[in-house]
Number of protein chains: 2
Amino acid sequence: MKRDETSLKAFIALKRTNDAIDIAIRKDIRKYGLSVTEFAVLEVLYTKGPLTIQTIRDRILIASSSTTYVIERLIEKGYVIKEQDTKDRRTFYVSITDAGRTVMEEIFPMHAAMIQSFFDCLEDDELEILKEALKKVSARVSNII
Amino acid sequence: MKRDETSLKAFIALKRTNDAIDIAIRKDIRKYGLSVTEFAVLEVLYTKGPLTIQTIRDRILIASSSTTYVIERLIEKGYVIKEQDTKDRRTFYVSITDAGRTVMEEIFPMHAAMIQSFFDCLEDDELEILKEALKKVSARVSNII
DNA sequence: TCTATTTAGTTCGAATTTGAGATAATTATA
DNA sequence: TATAATTATCTCAAATTCGAACTAAATAGA
């Protein structure tokens, strides 16, 4: 198969894999009344600690207006709080609350187990190459855009 | 790094790569007045020929209500037509029109070149493993769900 | 210092997407 | 054959997402 053709096939496989996993996660997380985006925000705050709104947006790659929206939903649910930075009053830090942490502690193990089961069809070295190759490609995409 | 941890990292990299590419494609295709979903439908009809609505839905993994919606948009734009199957009157075949083909012939080379440039940071064997690994994972996900 | 530019986040309207529940046609079963 | 179950698609309301334009605050440059 020619190089160009392989790239296109890889892209199609990437899209399909992502979409299929997304559907699985959506179903799973819906039980807890969360959308995939809400979960992504909670997850990054849970693992990385308090972040500015902008950092959250860069992490999960959604429009900034969507970031405002999803954080508002999470505040309503009591899972995060938003605090203005005293030094730079344009920026806000978002942190997970105890209630948010409790939900994540309930969801996360099942979520992680599901993800792991998706990848358990790969050998160790395949998985490693997959991970590294994806990192290279996403860095490349960010560079080009 | 432990196996489980690598799976989670691979998943995060997958999501991030997909989202970044999606944003790039959206920008690119917007110039032609198409959404990413509309483009995906056109692309599959362009490369695979006429398909039923259900097959299109399975290919691009969106809700069936969304399939109805996006095909309606494409009909309005004159890029596809919908024809009822004479044998099974529940099913409809969707085909790309000449106008749709013309648009695809205009967009597709640039689109393909962009995709290829995203993957040109990988060696041939890395790309091959990436593609095959993604196929395995998406098959695995479909099996589990 | 004054003004221009940049940065962080929000508002708003329009477009898209979803899930739940129809409808209509086909197929399986009693 | 009559009825039940399945299949293909659609309708609808609600939720999400986006892009464009905005406000407010900080920083850079004259």
Side-chain angles (χ1 to χ4, degrees), chain A residues 15 18-20 22-42 50-77 80-95 145, chain B residues 15 18-42 50-77 80-94 145:
Chain A
K15 200 169 160 55
N18 181 79
D19 289 351
D22 208 66
I23 289 168
I25 292 179
R26 193 190 312 145
K27 270 188 199 158
D28 210 49
I29 284 172
R30 236 182 103 68
K31 300 168 197 160
Y32 300 90
L34 291 172
S35 75
V36 175
T37 310
E38 286 169 352
F39 181 72
V41 171
L42 273 186
L51 298 173
T52 66
I53 290 175
Q54 201 188 0
T55 309
I56 294 170
R57 161 166 78 62
D58 292 344
R59 288 262 179 194
I60 61 176
L61 295 179
I62 56 174
S64 42
S65 50
S66 304
T67 317
T68 301
Y69 175 81
V70 68
I71 289 170
E72 186 51 42
R73 296 287 79 69
L74 287 170
I75 291 171
E76 280 173 8
K77 289 174 183 174
V80 308
I81 53 165
K82 199 169 90 173
E83 290 166 307
Q84 196 166 29
D85 186 357
T86 46
K87 286 177 193 161
D88 185 337
R89 281 162 44 241
R90 291 170 305 178
T91 70
F92 290 82
Y93 278 88
V94 182
S95 336
I145 298 176
Chain B
K15 199 169 161 55
N18 182 79
D19 289 351
I21 293 182
D22 209 65
I23 288 167
I25 292 178
R26 192 190 310 144
K27 271 188 199 158
D28 211 50
I29 284 173
R30 235 181 104 69
K31 298 167 197 160
Y32 300 89
L34 292 172
S35 74
V36 174
T37 310
E38 286 169 351
F39 181 73
V41 171
L42 273 187
L51 298 172
T52 65
I53 290 175
Q54 200 186 2
T55 310
I56 295 170
R57 160 166 78 62
D58 292 345
R59 288 263 180 194
I60 62 176
L61 295 179
I62 56 174
S64 43
S65 50
S66 306
T67 316
T68 302
Y69 175 81
V70 69
I71 290 170
E72 187 52 42
R73 296 287 79 69
L74 287 170
I75 291 171
E76 280 173 8
K77 289 174 184 175
V80 307
I81 52 165
K82 199 170 88 173
E83 290 166 307
Q84 196 167 29
D85 186 357
T86 45
K87 286 176 193 162
D88 185 338
R89 280 159 49 240
R90 290 170 305 178
T91 71
F92 290 81
Y93 277 88
V94 182
I145 297 176

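Here is the naming used below: chain letters follow the sequence lines, and residue numbers restart at 1 for every chain.
As rounded to whole Å, 13 Å separates atom P of C:dT17 from atom CG of A:Asp22. B:Glu76 has its CD atom 13 Å from the C1' atom of C:dT16, to the nearest Å. Computed from coordinates, the A:Arg89 CZ to D:dT23 P distance equals 18 Å when rounded to whole Å. If you take CD1 of B:Ile62 and C1' of C:dG19, they are 14 Å apart, rounded to a whole angstrom. Taking atom CZ of A:Phe39 as the reference point, atom C1' of D:dT16 lies 18 Å away to the nearest angstrom. Atom C1' of nucleotide D:dT17 and atom CD1 of A:Ile60 are separated by 12 Å, given to the nearest angstrom. As a whole-Å value, the separation of B:Leu61 CG from C:dT18 P is 10 Å.
The distance from atom CG of B:Asp28 to atom CZ of B:Phe39, rounded to the nearest 0.5 Å, is 8.5 Å. Once rounded to the nearest 0.5 Å, the distance linking CD1 of A:Ile56 with OH of A:Tyr93 reads 11.0 Å. The OG1 atom of A:Thr37 sits 9.5 Å away from atom CG of A:Leu74, with the distance rounded to the nearest 0.5 Å. The structure places CG of B:Leu42 at 10.5 Å from CD1 of B:Ile71, a figure rounded to the nearest 0.5 Å.
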*Show the numbers, then the answer: is there a side-chain contact (heavy atoms from CB on, under 4.5 Å) between A:Thr55 and A:Val94?*
CA-CA 10 Å; A:Thr55 309; A:Val94 182; over 6 Å; no
*Evaluate the side-chain contact (heavy atoms from CB on, under 4.5 Å) criterion for residues A:Leu61 and B:Lys15: first the C-alpha distance (whole Å), next the side-chain angles of each, then the deciding distance (0.1 Å), finally the verdict.*
CA-CA 10 Å; A:Leu61 295 179; B:Lys15 199 169 161 55; over 6 Å; no
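None of B:Lys77, B:Arg30, B:Arg73 except one satisfies the salt bridge (charged side-chain N to carboxylate O under 4.0 Å, His left out) rule with B:Glu38; the exception is B:Lys77.
An OP1 or OP2 oxygen of C:dT18 is reached within less than 4.0 angstrom by a side-chain nitrogen or oxygen of B:Ser66.
No more than 12 heavy atoms of other residues, nucleotides or ligands lie within 6.0 Å of CZ in B:Arg59, so this atom counts as exposed by the packing criterion.
Of the two residues contacting DNA chain D, namely A:Lys87 and A:Ser35, the nearest-nucleotide position lying further toward the 5' end is that of A:Ser35.
The stretch residues 23-34 of chain A touches DNA chain C through A:Arg26, A:Arg30, each having a heavy atom within less than 4.0 Å of the strand.
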_One character per nucleotide, please: for nucleotides 6-11 of chain C, 5' to 3', B when the base has a protein heavy atom closer than 4.0 Å, S when only the sugar-phosphate does, - otherwise._
-BSSBB
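Closest non-hydrogen pair, B:Lys87 versus B:Asp85, comes out as N-OD1, 3.1 Å.
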